[in-house]
Amino acid sequence: MPGRASDPGNSLVHFAPEVRDPVVYPIRHGINPPLFRVFVSWSDGNLLNVACLQAPSPVSNATARAAEPEADIGGKVVEVRLGEGDGEINEEQRRRIAYGSVPAFAMLQSRRNSLSMMSRMASSSSFRNEWWQHVLEYSNQIKDLLGPPRLPSSSVIEDSKVVLQQIEEPSSLKAAWELMEIFYVDKQSSAWLPERLVDWLAGYDCILARTETAIYSKLVNVQKKIVKIQVIEDDSEYWEGISSALAVGWLDVVVKLLRLHGSYQLDQLGNRETENGLVEAVAVLVSTMPRMRADLPTGKLGQCCKTKPDFVKAWEKWRGHITKLECSAFWVQCGHRQTREGLRNLLQIMLGNIKNLTTSTCHWMELYISHFLFIRPFSTGLEGMHSLAQKCMQLKPSSNSSGLIGVFMGILGGNTEVVLAECSKAFGPWMVAHAMELLTATDDQADILLHEERYNLGGISMEELHRLVYAQVLSSHPLTWQIAPTYLASCSKQGLGLLEVLLYRQSVHNLRVTLKNLEICRLYELENISACIMKIAGVYYWKHGRRGSGIHWLQQAQDEVRLNRIAQQLFECIGKSISDDSFKQWEGLIELLGSEVGTAGGLEFLHKYRDFKRSLQLVHDKKAADAARQTVESLVQLMRSPSTPRRFWLPLLHDSLHQ
């Protein structure tokens with residue numbers, strides 16, 4: 001792509017003119033200062049080669065030089081990777097994702113083209129109704145590629161003291177992708193959006209715990225203490241972990257932790273009957289909490305309500321039971337202070353007490369989701385979600401401004417450009433090129449924004465621009481250039497032109513690369529480019545001494561001009577001496593060229609002379625009865641043919657008499 005212009009309005013790649021904080025990349029070159037010069041050049045992908053040269057040493061004598069061996073070091077070249085990657089995904093995984101996403105992307109583009117043709121005969125509404133389902137299928141394929149599902153709140157039944165599954169943690173890339181799917185693609189989940197956010201946090205709260213304290217890290221600590229402490233209900237972290245899990249709707253974890261209470265032990269039931277009854281009552285209330293969603297996954301607790309009227313009715317009944325238990329006289333009879341206070345704190349959380357919710361949550365996103373569970377359970381759609389998020393950020397300030405948070409806030413603010421900018425900044429061109437399909441699945445304004453042709457972008461749309469940028473990243477690496485044509489072909493304005501440039505840039509000395517180029521040309525019906533590549537390969541092999549391969553590629557390209565020149569060159573080389581050794585040296589190339597090429601330049605004579613020599617050999621070996629007659633006929637044809645130079649008449653007669 002072109003470099004950055006002085007005027008942002010004239011550049012092909014749009015950039016914000018405002019000055020941003022510079023990004024500092026540490027360079028560990030190991031050279032003693034001062035540095036004499038630093039050279040920077042692009043390498044593959046987003047890598048920079050930085051050459052650091054050491055300043056000439058003022059030490060002149062050999063003894064001093066021996067004392068300073070570093071003075072002999074001329075410099076060092078180091079690689080610097082650009083971007084804000086946190087090391088979650090290594091280079092090998094990125095290539096796997098890049099290759100794995102190509103079939104899903106290509107299939108979606110094919111379906112888009114088919115539906116576009118059908119929509120010309122039908123209404124556009126039918127196109128929208130069918131299109132988002134295809135995008136949802138595409139999104140699920142990409143999610144599977146980004147990693148297995150992560151459910152940290154699900155319990156393991158085999159071990160009663162294990163409340164969290166120990167599996168591979170997900171990446172921020174997948175977390176951001178699933179957020180965009182929830183808000184932009186899946187129409188079916190729009191009615192129970194809060195529950196989708198609860199499931200999302202259950203799978204990705206461990207990402208927040210990497211840089212800040214989160215409920216996931218709290219529960220990890222609680223799980224470690226369960227094994228060591230005999231009377232777990234005496235520990236304050238036990239009750240804090242339960243209240244935190246309840247605040248974000250991890251009901252199965254709450255119930256499992258409550259059932260670890262000491263009053264459930266057989267030797268304690270007689271002395272702590274009232275206490276155990278209160279614990280069990282709260283556990284039953286938690287496990288029967290109404291949840292407005294289509295279904296509940298295996299192992300999840302709660303009362304599933306599919307319609308809003310059923311949910312409102314169940315919610316009021318459930319809240320009534322909580323209020324009744326809150327006013328019960330059994331609390332006075334509970335002699336264990338930690339249990340009494342812990343259980344009443346859980347009731348206050350279920351009643352939506354903002355003070356208790358704020359205390360029980362760690363990150364503002366956890367507080368945000370707890371609002372939809374206990375304070376605003378009947379909320380639907382995006383109304384008021386952005387202002388609520390800002391309020392939660394004020395109550396729970398966060399020191400980490402990660403790309404995932406930026407994407408989330410951009411989604412809540414309904415700003416497509418902010419979402420794209422945050423995706424590009426945090427996750428790179430791959431994310432932007434593939435996530436645009438999600439942003440435009442159901443949002444007409446985003447669709448117009450991304451597909452509108454812009455003058456300051458050279459007449460192309462933002463969608464095409466981001467695809468071209470991603471294709472360029474793929475093209476810059478020898479292991480990924482062959483998948484770039486899939487994205488270039490989807491760009492109607494400049495894609496095919498850049499695809500032609502990409503194919504011409506590939507070296508022809510590698511047969512596999514050449515065959516891959518030709519296969520790409522066949523897939524996208526680029527016959528002219530295919531012919532040019534074969535011509536280039538033919539000339540390359542001919543000039544480098546592989547004459548048979550050169551002739552083969554020129555024949556495939558049907559390059560009559562160059563084949564005639566080769567035929568003329570062969571005739572001139574052989575014509576200087578028509579001895580057997582000279583002819584045998586070139587006979588294979590003559591056979592490969594064929595008799596239809598270069599007849600006017602003398603190749604016809606060489607083919608007839610080949611037939612004549614074969615007939616003479618048959619006469620000598622006595623393998624054919626009519627070989628002598630064929631030899632005579634071939635000799636007569638050669639002598640009469642105008643293509644036979646006169647200087648060959650005497651050698652021909654000599655060969656006949658000698659035989």
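Everything quoted here is computed from the prediction, not taken from an experiment.
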Which atom names give the shortest non-hydrogen contact between I520 and L499, and what distance separates them? CG2-CD1, 4.5 Å
Could you tell me whether the side chain of E464 and the main chain of Q494 form a donor-acceptor pair under 3.5 Å? yes
Just say parallel, tilted or perpendicular for the rings of Y138 and H434, cut-offs at 30° and 60°. parallel
Return yes if some donor-acceptor pair links the side-chain N/O of T213 with the main-chain N/O of A209 below 3.5 Å, else return no. no
Of W542, Y540, Y541, the one forming a side chain to side chain contact (heavy atoms under 4.5 Å, CB included) with H544 is Y540
Assess whether atom NZ of K396 is packed by more than 12 heavy atoms of other residues, nucleotides or ligands within 6.0 Å. yes
Go through it in stages, so that I can follow the logic: the residues are L388 and F372, the test is side-chain contact (heavy atoms from CB on, under 4.5 Å), and I'd like the CA-CA distance, side-chain angles, deciding distance and then a yes or no. CA-CA 10 Å; L388 176 60; F372 294 104; 3.7 Å; yes
For atom NE2 of H509, is the number of surrounding heavy atoms from other residues, nucleotides or ligands below 6.0 Å larger than 12? no
Shortest non-hydrogen contact from W192 to K306? CZ3-O, 4.2 Å
Is it true that a side-chain atom of Q506 and a backbone atom of V513 form a donor plus acceptor pair closer than 3.5 Å? no
Hey, does Y368 have a side-chain heavy atom less than 4.5 Å from the side chain of F408? yes
Modelled atom types, side-chain donor and acceptor of Q482 and Y99, under 3.5 Å: yes
Residues E519, R522; criterion salt bridge (charged side-chain N to carboxylate O under 4.0 Å, His left out); working and verdict: CA-CA 5 Å; E519 177 66 16; R522 185 190 64 81; 2.6 Å; yes
Charged N to carboxylate O under 4.0 angstrom, D186 versus R196? yes
Salt-bridged, R111 to E137, with N to O below 4.0 Å? yes
Checking S110 side chain against M107 main chain: does a donor-acceptor pair fall under 3.5 Å? no
Sort and list the pairs that fulfil side-chain hydrogen bond (donor to acceptor under 3.5 Å, both in side chains) and have at least one residue in residues 413-423, not counting sequence neighbours. none
So do the side chains of Y216 and H363 get within less than 4.5 Å of each other, counting heavy atoms only? no
Hey, does the side chain of D205 reach the backbone of L201 with a donor-acceptor pair shorter than 3.5 angstrom? no
Which residues pass the salt bridge (charged side-chain N to carboxylate O under 4.0 Å, His left out) test with K143, sequence neighbours left out? E181
If only atom types and distance count, is the side chain of T440 paired as donor or acceptor with the main-chain N or O of D447 below 3.5 Å? no
Indicate yes or no for a side-chain donor-acceptor contact from W553 to the backbone of I536 under 3.5 Å, with no hydrogens or angles considered. no
So F105 and Y470, ring pair (Phe, Tyr, Trp, His ring centres under 6.0 Å) or not? Walk me through it. CA-CA 13 Å; F105 179 83; Y470 177 58; 8.5 Å; no
4.5 Å side-chain heavy-atom contact, L367 and S370: yes
K535 (side chain) donor-acceptor with D559 (main chain) under 3.5 angstrom: no
Could you tell me whether E92 and R96 have a side-chain N and a carboxylate O separated by less than 4.0 Å? no
Show, in sequence, the C-alpha distance, side-chain angles and deciding distance for E463 and K493, and conclude whether the salt bridge (charged side-chain N to carboxylate O under 4.0 Å, His left out) test is met. CA-CA 11 Å; E463 180 185 62; K493 293 289 185 179; over 6 Å; no
With a 4.5 Å cut-off on side-chain heavy atoms, are L373 and P194 touching? no
On a heavy-atom basis, the closest approach of A389 and L412 is CB-CD1, 3.7 Å
I'd like to know if the side chain of S217 and the backbone of A214 have a donor-acceptor N/O pair within less than 3.5 Å. yes
